[in-house]
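Take a look at the structure below.
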Amino acid sequence: MDNDNIDFKNLWKQQIVSKPNLEEFMVQLNKFKKAGLKTYWITNAVLALTSVFLVCIWVFYQPQFTSTKIGLVLTILTMVVYFVVYNRLLKPSLYVGVVQSNQNYVQGLITIKKKQQFMQSTMLSLYFGFLTVGICLYMYEYTRFMSPVTTMVVYGLTIAWSALNWLYIRPKQMKKQQLIIDELITKSKEIRVDSVDDEME
Amino acid sequence: MDFEQLYELYWEKIFRLCMGFVNDYATAQDLAQETFIIVWEKQDTFRNEANIGTWIFRIASNNCLRQIEKQKRIIKTDLPPNLAEERSHSLEPQILFLYKCITDLPETDRIIISLELEDVKQAEIAKIVGLSEANVRVKIHRIKEKLTKKFKENGQR
């Protein structure tokens, strides 16, 4: 087919382009850097405040039972581990492999996403599991003096909250990750299938 | 070449590549901006292993491919919403149609044809995408055929 009559290159280059001047771009760049730092500090402040709060409970309420202390330690540890792992390992990097060819980059993304998915599903299971056990142990000392009905309500609500996390939030997170991986795999296959088709001709 | 020169030389090319990928002015602007943020962050790691154009186009095309992974855009440009539309209205229908046709192609094809239209050599395109040069040549030929057919069917000649 004759392509010469349509000058695609000429049409392509007529696209209107608005280019921010370099100063405007640098403002955006700094905003981006600051936004990253802000998230980092907020995450860590939340972790620190929660831990301080739990330590305060320990200091001011002087729990007597070992179960309460184990519960508190377990809850604090769970949060610390989760936040550390989340910050360090799950944080998606904008730059990993970005200077490789498209084919290698997409392959690399799949590997990273699979690792992240494994980490996230394992971590989420451990997080919710330990948190529930920690809270239940912690509550034991205080619910002992409550009426059986109140105890049941308190534990019922806690377990319902855990069930919601376990049965709704956890699968939802995992499904989201899986969708991303599936789309990336499809994309990677498209590149490969296309090239195999071409080689065969 | 320093960052300022790179920015001046490549912004328009990168913007058009992103526009060919998404056919949306504001998104293309965001993608171009993200590309240059990565270029800024990565500029020290460039060691002439490829020519600088290949290097930047790789970053830009990978950033486009990575779009799906992002739930939110990192940066939203401050372009007023109507402005982008006004810009497209002022363009000739043929240009709009070309960009629309390119966005309808599979993702790798969008990248390949955009680079070809930017006058990037086929050997370089092969390095950017990760296919053989022969493969790229065949693909470009096919894509141009497809585009010509669409233009003819749509009476855009």
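Every chain is numbered from 1, with letters handed out A, B, ... down the list of sequences.
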Distance in Å, [X] [atom1] paired with [Y] [atom2], rounded so as to fall on 0.5 Å steps:
| X | Y | atom1 | atom2 | answer |
| --- | --- | --- | --- | --- |
| Lys9(A) | Glu116(B) | NZ | CD | 4.5 Å |
| Asn23(B) | Gln15(A) | CG | CD | 8.0 Å |
| Glu34(B) | Gln28(A) | CD | CD | 11.0 Å |
| Leu65(B) | Gln103(A) | CG | CD | 11.0 Å |
| Ile6(A) | Lys150(B) | CD1 | NZ | 13.0 Å |

[X] [atom1]: over 12 foreign heavy atoms closer than 6.0 Å:
| X | atom1 | answer |
| --- | --- | --- |
| Lys121(B) | NZ | no |
| Met26(A) | CE | yes |
| Phe130(A) | CZ | no |

For each of [options], tally heavy-atom pairs with chain A at distances under 4.5 Å, and name the one with the top tally.
| options | value |
| --- | --- |
| Ile111(B), Asn62(B), Ile102(B) | Asn62(B) |
| Arg16(B), Lys13(B), Glu12(B), Glu4(B) | Arg16(B) |
| Phe15(B), Phe3(B), Tyr7(B) | Tyr7(B) |

What pair of heavy atoms forms the shortest contact from [X] to [Y], and how long is it?
| X | Y | result |
| --- | --- | --- |
| Arg58(B) | Asn102(A) | O-ND2, 4.3 Å |
| Lys144(B) | Phe8(A) | O-CE1, 4.1 Å |
| Ile95(B) | Leu11(A) | CG2-O, 3.6 Å |
| Trp12(A) | Glu118(B) | NE1-OE2, 2.8 Å |

(request) Any pair with a residue in residues 14-23 of chain A that passes salt bridge (charged side-chain N to carboxylate O under 4.0 Å, His left out), sequence neighbours left out, goes on the list, sorted by first then second residue, please. (result)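 Salt bridge (charged side-chain N to carboxylate O under 4.0 Å, His left out) check on residues 14-23 of chain A returns Lys19(A)-Glu8(B).
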(request) Under 4.5 Å heavy-atom distance to chain B, tell me which part of Asn21(A) shows up: side chain, backbone, both or neither. (result)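 Only the backbone of Asn21(A) comes within 4.5 Å of chain B.
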Side chain, backbone, both or neither of [X] within contact of chain A (heavy atoms, under 4.5 Å):
| X | answer |
| --- | --- |
| Ile59(B) | both |
| Phe36(B) | both |
| Ile112(B) | neither |

Could you give the side-chain donor-acceptor pairs of residues 159-172 of chain A under 3.5 Å, partners two or more places apart or in another chain?
| from | atom 1 | to | atom 2 | distance (Å) |
| --- | --- | --- | --- | --- |
| Ser162(A) | OG | Thr132(A) | OG1 | 2.9 |
| Ser162(A) | OG | Thr158(A) | O | 3.2 |
| Arg170(A) | NH1 | Ser125(A) | OG | 2.8 |

(request) For the pair Tyr25(B) (side chain) and Ser18(A) (backbone), establish whether a donor and an acceptor sit closer than 3.5 Å, ignoring hydrogens and angles. (result)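 Yes; at least one donor-acceptor contact below 3.5 Å.
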(message) Set out, in order, the CA-CA distance, both residues' side-chain angles and the distance that settles side chain to side chain contact (heavy atoms under 4.5 Å, CB included) for Asn10(A) and Gln94(B), then state yes or no.
(response) CA-CA 11 Å; Asn10(A) 183 34; Gln94(B) 272 196 323; over 6 Å; no
(request) Side-chain contact test, heavy atoms from C-beta onward, threshold under 4.5 Å: evaluate it for Gln33(B) versus Phe32(A) and give yes or no. (result)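 Contact flag for Gln33(B)/Phe32(A) side chains = no.
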